[in-house]
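Start at 1 with the first residue, then count along the sequence. Values below: every heavy atom of this structure, side chains too, minus hydrogens, waters and symmetry copies.
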Amino acid sequence: MDALPNVAAQPVAPPADPPRLLPWLSPEGKPCFLVTDDQNSHLSRLADEMEAVQLDMGAEILDHAREVLGDTMSQYSEVRYAGIRLAECLSDALRVAESRGMRLPATDIQDAEDPQDAGTSDA
């Protein structure tokens, strides 16, 4: 009779990282994802840099929009332009947040959603 293989001694591959949502769209307007084991790869670093640029631009546009909206004499075209840019920046910021949220460990997400951790009770 043949011996059964020792299952406990066989290496188990760690769970693969989830695909990373990249901070840009394809030419067709579809989301782009990166699948890699190297979180420091060239493309990962490029995505990190792009996210930082997008968030910095959003902060700059927000400052400008506040100026435009604070001036009661601002022309309609300036207000409209500020609104369009704010919408673009919000879209970028939401994509960055979604991408980063997808990369959080599951335990962090569960802890954040557990109302008992926030000190709430049903009593």
All pairs passing salt bridge (Lys or Arg N to Asp or Glu O under 4.0 Å) where residues 55-76 contributes a residue, at least two apart:
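Found none.
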In a table with atom names and distances, give each donor-acceptor pair under 3.5 Å that connects a side chain of residues 94-106 to protein atoms at least two apart or in another chain.
{"unit_1": "Ser99", "atom_1": "OG", "unit_2": "Leu21", "atom_2": "O", "d": "2.7"}
{"unit_1": "Ser99", "atom_1": "OG", "unit_2": "Arg103", "atom_2": "NH2", "d": "3.3"}
{"unit_1": "Arg100", "atom_1": "NE", "unit_2": "Glu51", "atom_2": "OE1", "d": "3.3"}
{"unit_1": "Arg100", "atom_1": "NH2", "unit_2": "Glu51", "atom_2": "OE1", "d": "3.3"}
{"unit_1": "Arg103", "atom_1": "NE", "unit_2": "Ser99", "atom_2": "O", "d": "3.2"}

Write down the atom of Ser41, the atom of Leu34, and the distance for their closest heavy-atom approach.
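That closest heavy-atom pairing would be OG-CD2, 4.4 Å.
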Please name all residues satisfying side-chain contact (heavy atoms from CB on, under 4.5 Å) with Thr72, sequence neighbours left out, ordered by chain then number.
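Per chain and number, Thr72 pairs via side-chain contact (heavy atoms from CB on, under 4.5 Å) with no residue.
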side-chain contact (heavy atoms from CB on, under 4.5 Å) against Ser91, all qualifying residues, sequence neighbours excluded
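Ser91 satisfies side-chain contact (heavy atoms from CB on, under 4.5 Å) with no residue once adjacent residues are dropped.
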Each residue besides Tyr81 in its hydrophobic cluster should be listed here, by chain and number; the cluster joins Ile, Leu, Val, Met, Phe, Trp and Tyr at side-chain heavy-atom distances under 4.5 Å.
none
Quick one: hydrophobic cluster around Ile61, which other residues, with the 4.5 Å side-chain cut-off, linked directly or via members?
Leu62, Leu86
Verify side chain to side chain contact (heavy atoms under 4.5 Å, CB included) between Arg20 and Ser44, making sure each step is shown before the conclusion.
CA-CA 9 Å; Arg20 176 181 181 169; Ser44 291; 4.0 Å; yes
Within the 4.5 Å heavy-atom criterion, are Arg85 and Met57 side-chain neighbours or not?
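Of all side-chain heavy-atom pairs linking Met57 with Arg85, at least one is under 4.5 Å.
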With a 4.5 Å cut-off on side-chain heavy atoms, are Arg45 and Asn40 touching?
yes
May I ask you to decide if Val68's main-chain N or O and Glu78's side chain share a donor-acceptor pair within less than 3.5 Å?
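Not a single qualifying donor-acceptor pair exists.
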Any donor-acceptor N/O pair, Ser74 side chain to Leu69 backbone, under 3.5 Å
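No.
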Tell me whether Phe33 shares a hydrophobic cluster with Leu22, the cluster being built from Ile, Leu, Val, Met, Phe, Trp, Tyr side chains joined at under 4.5 Å.
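No, no single cluster joins them.
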Start with the C-alpha gap between Asp92 and Trp24, add the side-chain angles, then the distance that decides, and say whether side chain to side chain contact (heavy atoms under 4.5 Å, CB included) holds.
CA-CA 9 Å; Asp92 290 343; Trp24 54 79; over 6 Å; no
